[in-house]
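This structure is a prediction, so every number in the text was calculated from the model and none was measured. Throughout, a chain's letter reflects where its sequence line sits, starting with A, and its residues are numbered from 1. Both backbone and side-chain heavy atoms feed into the values below; hydrogens, waters and symmetry mates do not.
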2 protein chains.
Amino acid sequence: MATNRTESVERALSILSAFSTQKPVMTLAEIAEETGLHKSTILRLTNSMQIYGFIQRDEDGRYSVGPSVWRLGLIFRRDFTKREHVAPSLRILAEATGETASFYVRVGNERVCLYRENSPNLLRFHVEEGMRLKLSTGASGLVLRHFSGDDVGDLAHFNRNGTVSTVGQTNPNISSVSTPVFKNTGELAGALTVSGLATRFDEEARANAIPLLESLAKSLMAAD
Amino acid sequence: MATNRTESVERALSILSAFSTQKPVMTLAEIAEETGLHKSTILRLTNSMQIYGFIQRDEDGRYSVGPSVWRLGLIFRRDFTKREHVAPSLRILAEATGETASFYVRVGNERVCLYRENSPNLLRFHVEEGMRLKLSTGASGLVLRHFSGDDVGDLAHFNRNGTVSTVGQTNPNISSVSTPVFKNTGELAGALTVSGLATRFDEEARANAIPLLESLAKSLMAAD
DNA sequence: TCACACCGTTTCACTTGATAGAACGCAAAT
DNA sequence: ATTTGCGTTCTATCAAGTGAAACGGTGTGA
């Protein structure tokens, strides 16, 4: 491996990253299948992670995420992007547009939904906090890639404030608008996004949502 | 190191474990001081953790916990010990006793508060979720050590249901009662605890709290 | 009941990865 | 202007980490 990384640490983190809301518990064999690692390697790596509380193992030998991960997750959430800071903007957006408002951050080649205020409509683009979606799709994916330095090709999707309006990316029936949120230091914090049914959240509705979206994104910059 | 563990993984996890609510952000030098690791070692380890989103680094070169930790932490919380399951019991306990009710799990040689319902009294043993406390002190420390197989010496503190009543352990002015919570499989899930001012949460008040504490602990067993 | 498949565990030869010391450039502090 | 400390890079050295093989146990199906 490259000399500025640590292969066995990445193996261990790939084990942790294999857990999901669909797969919160896994056997040794399942982890081997998910990660491609050898069972004896997994045993060694998970023994160390257990000692530090990042993984736990029940009496049937099944593995799950441990309490240390959650404890550190709380620290993350007390960061700039903490819920109390972002939540009012999401609520305003969800109420004003009638659609689902969410805040995404980039993790490697994925985007993760940190916070969301789901639409009051029963027919909606339902997002759960913690969901991982592809970075290659969606308005927020485009925003996160562009403003973290990736080449996204044609910039015609973006207005001059970096806001994107898309249809049928995450899902053929979903349309979205998304805009970047920056920290005071100029770094990208994440993407503030509204998503809804394309038939309801049409071009006019999306255009009407953009000024409020951009205004709220700018107001989120104040913290740090 | 023992052949069933992985030293570099434990070094990486010791870096992650160095973060706390008091120290959510650290420089390279601060991490070196906290962990005793060499700076070049930390650089390599953190490069790998950044790639997987477990650590992030701002433009000033300061490190903080990354979004992958939080995402996995959500998975942990959807486990047996998920909030919705435990919270009603904590609320009942806090209301019935007027003191702080909390739920602790063991992590290595520490206990971590997963959930708490703080006392309505302004003068109280205030606990935040995510707090790490010593395993060697406190009623819940005693319970967690005893029921995870450690030798705790004199068992006189325990009643026949494994409940402990202590004074002046975590803090000279604090008294606590704590009882084990088990999973259906018989494994220890954690310790359900009530803590308050020793002058207010005296021997009689603690004795009065124990039946309810034990009853609620048993009711928590139903899940899985 | 038996054979087979799969799981989790242990061992160890071998290869490669990981470490930390040294040196460097830079910025901040004195 | 000088010193100090930080973050970064490089590399010789050595120990760690890997995965293949073998094992015992358990569950399944014939």
Enquirer: Can you tell me how far apart CZ (Phe103(A)) and OG (Ser89(A)) are? Round to the nearest 0.5 Å.
Expert: 9.5 Å

Enquirer: Could you state the CG-P distance from Leu45(B) to dG17(C), rounded to the nearest angstrom?
Expert: 15 Å

Enquirer: Taking CD from Glu7(B) and C1' from dC14(D), how many angstroms apart are they, rounded to a whole number?
Expert: 12 Å

Enquirer: Pick out which of Val112(A), Leu133(A), Leu114(A) makes a side chain to side chain contact (heavy atoms under 4.5 Å, CB included) with Tyr104(A).
Expert: Leu133(A)

Enquirer: Separation of Arg11(A) atom CZ from dG17(D) atom C1', in whole Å?
Expert: 8 Å

Enquirer: Provide, to the nearest angstrom, the distance between the CZ atom belonging to Arg44(A) and the P atom belonging to dT16(C).
Expert: 16 Å

Enquirer: I'd like to know if the side chain of Glu214(A) pairs up with that of Thr163(A) as donor and acceptor (distance under 3.5 Å, no hydrogens or angles considered).
Expert: yes

Enquirer: Verify whether one side chain among Ser14(A) and Thr35(A) offers a donor that lies under 3.5 Å from an acceptor in the other.
Expert: no

Enquirer: Are Phe147(A) and Phe182(A) an aromatic pair, judged by ring center distance below 6.0 Å?
Expert: yes

Enquirer: Under 4.0 Å from OP1 or OP2 of dA16(D): is there any side-chain N or O of Ser8(B) that close?
Expert: no

Enquirer: Side chains of Ser148(B) and Arg106(B): any donor to acceptor distance under 3.5 Å?
Expert: yes

Enquirer: Grab the CZ-C1' distance between Arg5(B) and dG17(D) for me, whole Å please.
Expert: 15 Å

Enquirer: Is a side-chain N or O of Arg111(B) found less than 3.5 angstrom from the main chain of Lys134(B), in a donor-acceptor match?
Expert: yes

Enquirer: Do you know which two heavy atoms are closest between Val143(B) and Gly162(B), and how far apart they sit?
Expert: CG2-O, 3.9 Å

Enquirer: Please tabulate the protein-to-nucleotide N/O contacts below 3.5 Å involving nucleotides 25-27 of chain C, giving atom names and distances.
Expert:
none

Enquirer: I'd like a list of close polar pairs between nucleotides 3-10 of chain C and the protein, N/O only, cut-off under 3.5 Å.
Expert:
{"unit_1": "dG8(C)", "atom_1": "OP1", "unit_2": "Leu28(A)", "atom_2": "N", "d": "3.4"}
{"unit_1": "dG8(C)", "atom_1": "OP2", "unit_2": "Ala29(A)", "atom_2": "N", "d": "2.7"}
{"unit_1": "dG8(C)", "atom_1": "O3'", "unit_2": "Arg57(A)", "atom_2": "NH2", "d": "3.3"}
{"unit_1": "dG8(C)", "atom_1": "N7", "unit_2": "Lys39(A)", "atom_2": "NZ", "d": "3.1"}
{"unit_1": "dT9(C)", "atom_1": "OP1", "unit_2": "Arg57(A)", "atom_2": "NH1", "d": "3.4"}
{"unit_1": "dT9(C)", "atom_1": "OP1", "unit_2": "Arg57(A)", "atom_2": "NH2", "d": "2.6"}
{"unit_1": "dT9(C)", "atom_1": "OP2", "unit_2": "Arg57(A)", "atom_2": "NH1", "d": "3.2"}
{"unit_1": "dT9(C)", "atom_1": "OP2", "unit_2": "Arg57(A)", "atom_2": "NH2", "d": "3.1"}

Enquirer: Using whole Å, report how far CD of Glu10(A) lies from P of dA16(D).
Expert: 21 Å

Enquirer: Can you measure Asn47(B) atom CG to dT8(D) atom C1' for me and round it to whole angstrom units?
Expert: 10 Å

Enquirer: Could you tell me if Ser178(B) and Ser140(B) have a donor-acceptor pair between their side chains, going purely by distance under 3.5 Å?
Expert: no

Enquirer: With a 4.0 Å limit, can you tell me whether Thr6(A) has a side-chain N or O closer than that to the phosphate oxygens OP1/OP2 of dA18(C)?
Expert: no

Enquirer: How many whole angstroms separate atom CG of Leu37(B) from atom C1' of dA20(C)?
Expert: 11 Å

